[in-house]
Amino acid sequence: MNEAAVLYNYLAVGAILFALGLIGFLTRRNMIVMFLCAEMMLQGVSLSLVAWGRFHNDWGGQLFMIFVITVAAAEAGIAMALILMLAQRSGKLDSTFWQDLRESGQAAYVDREVPEELVEDRVWPALPPAGREPRKDIDEFTHRPHV
Amino acid sequence: MTLLAAADNPDLLLRAVTCPTAWGLAVGSLALWLLVPGGRWTGIWSRVLGGVLTALAGVLFAIDLPMFGPLGTQVVFWLLCVVTLGSAVAMISSQSPVYSALWFAMSLVGSAGLLLMQGAQFLGAATIVVYAGAIVVTFLFVIMLAQPEGHAVYDRLSWGWFPRPAAILAAAVFLGLLAAGMSNMKDDAEFPTVETVQAVDLAAEGGVLHPQHMANLGRRLFSQQLIAVEVAGTLLLAALVGAVAIAIHGKQSRATEDLARE
């Protein structure tokens, strides 16, 4: 097989995976999807590493990818714990909620146009204006029509 | 260096702009601009058009890639690329984080197939077992614990009008620069004049395609990279302890908040 062509093909695929992960990370607001895009960037780089290792008949590419997978696993564990704590404090996975951590001279981002809700989104019952909360039916508010 | 040469030489610049890779980048940028959530056009037809344009961009990229082997091998490679890159596009344009995680798992399956084609069999298996089997499952657990009902607003929007086209432009410029910088390599691949490593050298003793290459990988890992292996183990231990500490601290602070509220 033409080894230089194999190298070029795999580098192209790795670069496109990295670029797609880059776009997803900069664009999405859901903390979990941002992290998945970072993992996809790591996967693109790993493909390039293995391709270079094969081209130069060197084990360094595959060895480095083993450590990339290890670090990705450690990073995913810590990130999931952090995201879970943030989501329990704020009630949602939105990274806009934590935008008070931005630079001091920058304006806050506010959602101006909210797109229409889809039909399948449920509407929760409203609380009465005074007095205590109504007794909630546990089956009703733990029912998830889709995850 | 290639770009300076292109600026001096108008023929080279014309060739760089009209080659299928540049067209593929333009069409792919348009497709992603339609697909990534947060745009003004939402609805089934813009997503269908985005999918069609993604396929067209993939075809344009594939035209420009050099063939590296017999047709059977090439077709398998293209199929694996379609699976990997198509799942990646679906992952960043999906409006539900569960679907994003599942598309990412499919992309990992595709890249594991690509690694198997490279001859890195241990890494292909490790990608499926560790990445798709453990990391994505952890993601899905966290989504299960933290996901609100239905499609949340922040899954359908982005950070305003600027980041979507800016991010797509940045990624397109990055890919264009890479393709321009690797154009010498592509010329060498299409018209091999330098001596490229042949498969018979790779299958020699200690090579990456030797029949017992996995044993060689293990031998190299635990002899030359032994300290790195120990450090990686310590890193995993530290990550485990850290994750448990974060979770326990969160639970304790929530318990004290509940006690203070009552």
Side-chain angles (χ1 to χ4, degrees), chain A residues 1-6 8-9 11-13 15-17 19-20 22-24 26-27 29-30 32-33 36-37 40 43 47 50 53-55 57 59 62-63 65 67 69-70 72-74 76-78 80-85 87-88 92-94 96 109 111 114-115 118 120-122 144 147, chain B residues 32 36 42 65-66 68-69 81 85 88 92 97-98 100 104 111 115 118 120 123 126 130 135 138-139 142-143 146 148-151 153-156 158-160 163-164 167-168 171 174-175 178 185-186 188-189 196-197 199 202 207-208 217 220-221 225 232 235-236 239 242-243 246-247 250:
Chain A
M1 287 204 292
N2 188 355
E3 290 298 326
V6 170
Y8 187 83
N9 282 313
L11 286 182
V13 173
I16 295 177
L17 265 181
L20 288 172
L22 179 73
I23 291 174
L26 293 174
T27 317
R29 274 164 56 175
N30 191 331
I32 290 199
V33 177
L36 280 172
C37 295
M40 195 155 75
Q43 193 65 24
L47 273 179
V50 172
R54 172 173 166 142
F55 182 67
N57 200 14
W59 286 112
Q62 298 194 20
L63 289 173
M65 187 179 166
F67 292 113
I69 291 182
T70 308
I78 297 272
M80 288 302 104
L82 283 173
I83 290 175
L84 200 55
M85 290 302 114
Q88 279 174 353
K92 48 190 171 177
L93 285 168
D94 196 0
T96 313
Y109 170 70
D111 277 334
V114 179
L118 299 175
E120 62 257 16
D121 288 345
R122 294 180 52 131
R144 303 172 74 99
V147 180
Chain B
L32 283 171
V36 170
T42 54
L65 288 176
F68 59 85
C81 279
L85 298 175
I92 66 175
V98 177
S100 288
F104 181 60
S111 75
L115 288 168
Q118 276 283 58
L123 284 171
V130 174
I135 295 181
T138 309
F139 278 111
V142 173
I143 294 175
E149 282 280 331
H151 285 173
V153 165
Y154 51 87
D155 278 326
R156 284 178 276 149
S158 180
W159 299 90
R164 273 173 71 244
I168 295 172
F174 163 74
L175 281 177
L178 264 182
M185 190 192 303
K186 190 161 79 105
D188 286 342
T196 57
V197 176
L202 293 177
V208 294
L217 176 66
R220 190 69 66 100
L221 186 66
Q225 318 289 341
L235 172 72
L236 284 171
I246 291 172

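In what follows, every chain begins at residue 1, and chains take the letters A, B, ... in the order their sequences are listed.
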Quiz item: Among all residues two or more places apart in sequence or in another chain, which pass the ring pair (Phe, Tyr, Trp, His ring centres under 6.0 Å) test with A:Phe67?
Solution: none
Practice problem: Could you tell me which residues satisfy ring pair (Phe, Tyr, Trp, His ring centres under 6.0 Å) with B:Phe139, sequence neighbours excluded, listed by chain and number? | Solution: A:Phe35
Practice problem: Tell me, out of A:Asn9, A:Ile23, A:Ile32, A:Leu26, who's got the most heavy-atom pairs with chain B below 4.5 Å. | Solution: A:Asn9
Quiz item: Pick from A:Leu11, A:Ile16, A:Thr70: which one has the most heavy-atom pairs with chain B under 4.5 Å?
Solution: A:Ile16
Straight-line distance of [X] [atom1] to [Y] [atom2], nearest 0.5 Å:
X        : Y        : atom1 : atom2 : result
A:Thr96  : B:Trp159 : OG1   : CH2   : 4.0 Å
B:Ile246 : A:Leu82  : CD1   : CG    : 4.0 Å
B:Ile143 : A:Leu84  : CD1   : CG    : 11.5 Å
B:Leu123 : A:Ile69  : CG    : CD1   : 5.5 Å

Considering all heavy atoms, the nearest [X]-[Y] contact:
X        : Y        : value
A:Val13  : B:Leu85  : O-CD2, 4.3 Å
B:Gln118 : A:Arg54  : O-NH1, 2.8 Å
A:Tyr8   : B:Pro66  : CD2-CD, 3.5 Å
A:Ala87  : B:Ala146 : CB-CB, 3.7 Å
B:Leu236 : A:Ala74  : CD2-CB, 3.9 Å
B:Ala243 : A:Ile78  : N-CD1, 3.8 Å

Quiz item: Under a 4.5 Å heavy-atom cut-off, does chain B meet the side chain of A:Ala76, its backbone, both or neither?
Solution: side chain
Exercise. Select one option (side chain, backbone, both, neither) describing which atoms of A:Met80 are under 4.5 Å from chain B's heavy atoms.
Key: both
Practice problem: State whether the side chain of B:Arg220 and the backbone N or O of A:Trp59 hold a donor-acceptor pair below 3.5 Å, judged by distance alone. | Solution: no
Practice problem: Compare all side-chain heavy atoms of B:Leu221 with those of A:Gln62 and state whether any distance is below 4.5 angstrom. | Solution: no
Quiz item: Is the closest side-chain heavy-atom distance between A:Thr27 and B:Ile92 below 4.5 Å?
Solution: no
Options [options], ranked by heavy-atom pairs under 4.5 Å with chain A, top entry:
options                              : value
B:Ala126, B:Pro163, B:Ser100         : B:Ser100
B:Cys81, B:Gly242, B:Ala247          : B:Ala247
B:Leu235, B:Leu175, B:Val98, B:Val36 : B:Leu175
B:Pro97, B:Ala232, B:Ser158, B:Ala88 : B:Ser158

Self-check item: Toward chain A, the part of B:Leu178 with a non-hydrogen atom under 4.5 Å
Solution: side chain
Quiz item: Side chain, backbone, both or neither: which part of B:Leu217 has an atom under 4.5 Å from a heavy atom of chain A?
Solution: both
